[in-house]
Amino acid sequence: IEHVFAMADRQEQAAVIALLRQGDRPWHHYAQLAEAAGSAMAILDGSYADPYEQEPLTLFPNAEPPDLDAIAEEIAGWEREAMTFITVLDDSYPVNLRLIHNRPPFLFVRGAMAAADERSIAVVGTRHPSAQGLVVAREVTEGLAEAGYTIVSGLAHGIDACAHATALEHARRTVAVVGTGLRRTYPTDHAELARKIEGAGAVVSQFWPDSPPSKPSFPMRNITMSGIALATVVIEASERSGARMQARFALEHGRRVFLHETLLVHAWAREYAGRPGTTVVHSAADAVEQIERLTTPEPALTV
């Protein structure tokens, strides 16, 4: 990472929002621009010269200047609702997430992210698991929790809920990455689980606070979940499962993917098993052992 990021001031945070509201490019493009410039305000006022553009960067030539003070007050209102607003210009933006190309430009957080979350593993799977799938999910999560990992999942029914609940039972940090704004809970019957996660970790959203669940929001959520975690473990997942999609995103991000062997009944899993970066695991103990081996940094050599 070329820039060292301090805590962005409120005007810079407001400028990130203004970029997104005025612009028509993919949101991750503005995340990249803001990081490259080191300032969202420099992009808004046209003072940043993109080295890859022959002409000066002018994103909004005919737009009225945004009212950054009004946007800053909007952010203050979110914080009064116990939602922390973090942009790519803040040093509290998750380190792992910063390293993927399609990172979101901001996050809303209830609870708190922590330095320990750099050592996190996503445990994901179907909303309709088998009894054996739930056993495997619980055992894998227990092993990872005991090894000191933060457990990341998506707050959905089934495997996700099992992973979060198991981490909570073992007093470990867990992070829920959700596909709605933080004023909503989806599924609605997981409101109590979400509150418990806030107290023992964080509920994270890349969407405006009132955003409802939508078809595009969940793949976007999976991209962010993959980015926050060092690796993704898939327990059970069908051909059209969001967990299968997350495995694809994780491989695109250069992150490790661990598939439980029972997934090999599916053609997609057999195909993914042959890709670099994928490991098939045969038990919960095998999963934890392989994850520890492949995600723990080698000790530095001493002379």
Side-chain angles (χ1 to χ4, degrees), residues 96 114 116-177 193 196-197 200-201 222 225-226 228-238 241-251 253-266 268-299:
N96 295 339
D117 300 335
E118 291 180 35
R119 196 166 184 266
S120 62
I121 303 294
V123 179
V124 297
T126 178
R127 290 173 171 80
H128 306 287
S130 67
Q132 181 59 27
L134 289 174
V135 169
V136 172
R138 173 175 287 276
E139 291 178 349
V140 168
T141 303
E142 286 174 342
L144 292 171
E146 289 170 5
Y149 289 97
T150 294
I151 304 302
V152 180
S153 201
L155 198 67
H157 288 133
I159 298 297
D160 289 19
C162 178
H164 289 306
T166 303
L168 291 169
E169 289 168 12
H170 287 75
R172 290 300 308 172
R173 283 189 59 80
T174 184
V175 173
V177 184
L193 177 60
K196 290 179 180 178
I197 293 169
N222 287 113
M225 199 191 317
S226 165
I228 285 175
L230 292 173
T232 291
V233 184
V234 185
I235 305 298
E236 287 185 332
S238 67
S241 169
R244 181 242 174 131
M245 187 179 298
Q246 180 159 329
R248 175 169 66 83
F249 292 140
L251 292 174
H253 293 152
R255 304 289 164 86
R256 303 292 309 194
V257 170
F258 297 87
L259 304 178
H260 192 265
E261 65 176 355
T262 54
L263 282 167
L264 297 182
V265 299
H266 300 291
W268 77 264
R270 294 193 297 273
E271 192 266 317
Y272 277 39
R275 296 188 185 184
T278 302
T279 301
V280 175
V281 294
H282 307 287
S283 66
D286 183 30
V288 175
E289 179 183 348
Q290 294 284 351
I291 290 167
E292 281 275 78
R293 183 170 66 83
L294 294 170
T295 63
T296 301
E298 293 289 336

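No hydrogens, no waters, no symmetry mates; every other heavy atom, side chains included, goes into these values. Note that the coordinates shown come from a computational prediction; the quantities given were computed from them, not determined experimentally.
Tested against V233, the residues I291, V136, I159 include a single side-chain contact (heavy atoms from CB on, under 4.5 Å) partner, I291.
Taking 4.5 Å as the limit, some side-chain heavy atom of L168 sits within range of a side-chain heavy atom of L193. Counting only heavy atoms from C-beta outward, the side chains of T278 and L259 approach each other to under 4.5 Å. Within the 4.5 Å cutoff, the side chain of I121 has heavy atoms near those of the L230 side chain. Put simply, the side chain of N96 reaches to within 4.5 Å of the side chain of S120, judged on heavy atoms. F258 has its side chain out of reach of V140: every pair of non-hydrogen atoms, C-beta onward, lies at least 4.5 Å apart. Contact of the V257 side chain with the Y272 side chain is not registered, since no non-hydrogen atoms from C-beta on lie closer than 4.5 Å.
Interatomic distance, CZ of R275 versus CZ of R248, reported as 8.5 Å (0.5 Å rounding). In this structure, OG1 on T141 lies 9.5 Å from NE2 on H170, to the nearest 0.5 angstrom. Between the CD atom in E139 and the NE2 atom in H260 there is a gap of 8.5 Å [rounded to 0.5 Å]. Taking CD1 of I235 as the reference point, atom CD of Q132 lies at 10.5 Å (rounded to 0.5 Å).
Remark: the T262 side chain and the E236 side chain contain no N/O donor-acceptor pair separated by less than 3.5 Å. For the residue pair T232 / Q246, a side-chain donor-acceptor distance below 3.5 Å is found, with atom types taken as modelled. Side-chain contact annotation: R244 with S238, donor-acceptor N/O pair under 3.5 Å absent.
Nearest heavy atom pair, residue A116 against residue R173, reads CB-CD, 4.4 Å. V175 approaches H164 most closely through the heavy-atom pair O-CE1, 3.3 Å. Residues V234 and A247 share a closest heavy-atom pair of CG2-CB, 4.2 Å. Shown here for V280 and A273, the closest heavy-atom pair between the two residues is CG2-CB, 3.7 Å. Between T174 and A167, the shortest heavy-atom distance links the atoms CB-CB, 3.8 Å. Across all their heavy atoms, S241 and A243 have their closest contact at OG-N, 3.0 Å.
Using modelled atom types, one side-chain atom of W268 and one backbone atom of A237 make a donor-acceptor pair closer than 3.5 Å. T166 contributes a side-chain N or O that, together with a main-chain N or O of C162, makes up a donor-acceptor pair within less than 3.5 Å.
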N/O donor to acceptor pairs below 3.5 angstrom from side-chain atoms of residues 144-157, sequence neighbours left out:
from	atom 1	to	atom 2	distance (Å)
Y149	OH	R119	NH2	3.4
Y149	OH	E292	OE1	2.7
Y149	OH	T295	OG1	2.8
T150	OG1	D117	OD1	2.9
S153	OG	V123	O	2.7
S153	OG	D160	OD1	3.2
H157	NE2	D189	OD1	3.0
H157	NE2	D189	OD2	3.1

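Between E169 and R138 there is a salt bridge, since at least one side-chain N of the basic residue sits less than 4.0 Å from a carboxylate O of the acidic one.
The ring pair (Phe, Tyr, Trp, His ring centres under 6.0 Å) check on F249 picks up nothing, with sequence neighbours excluded.
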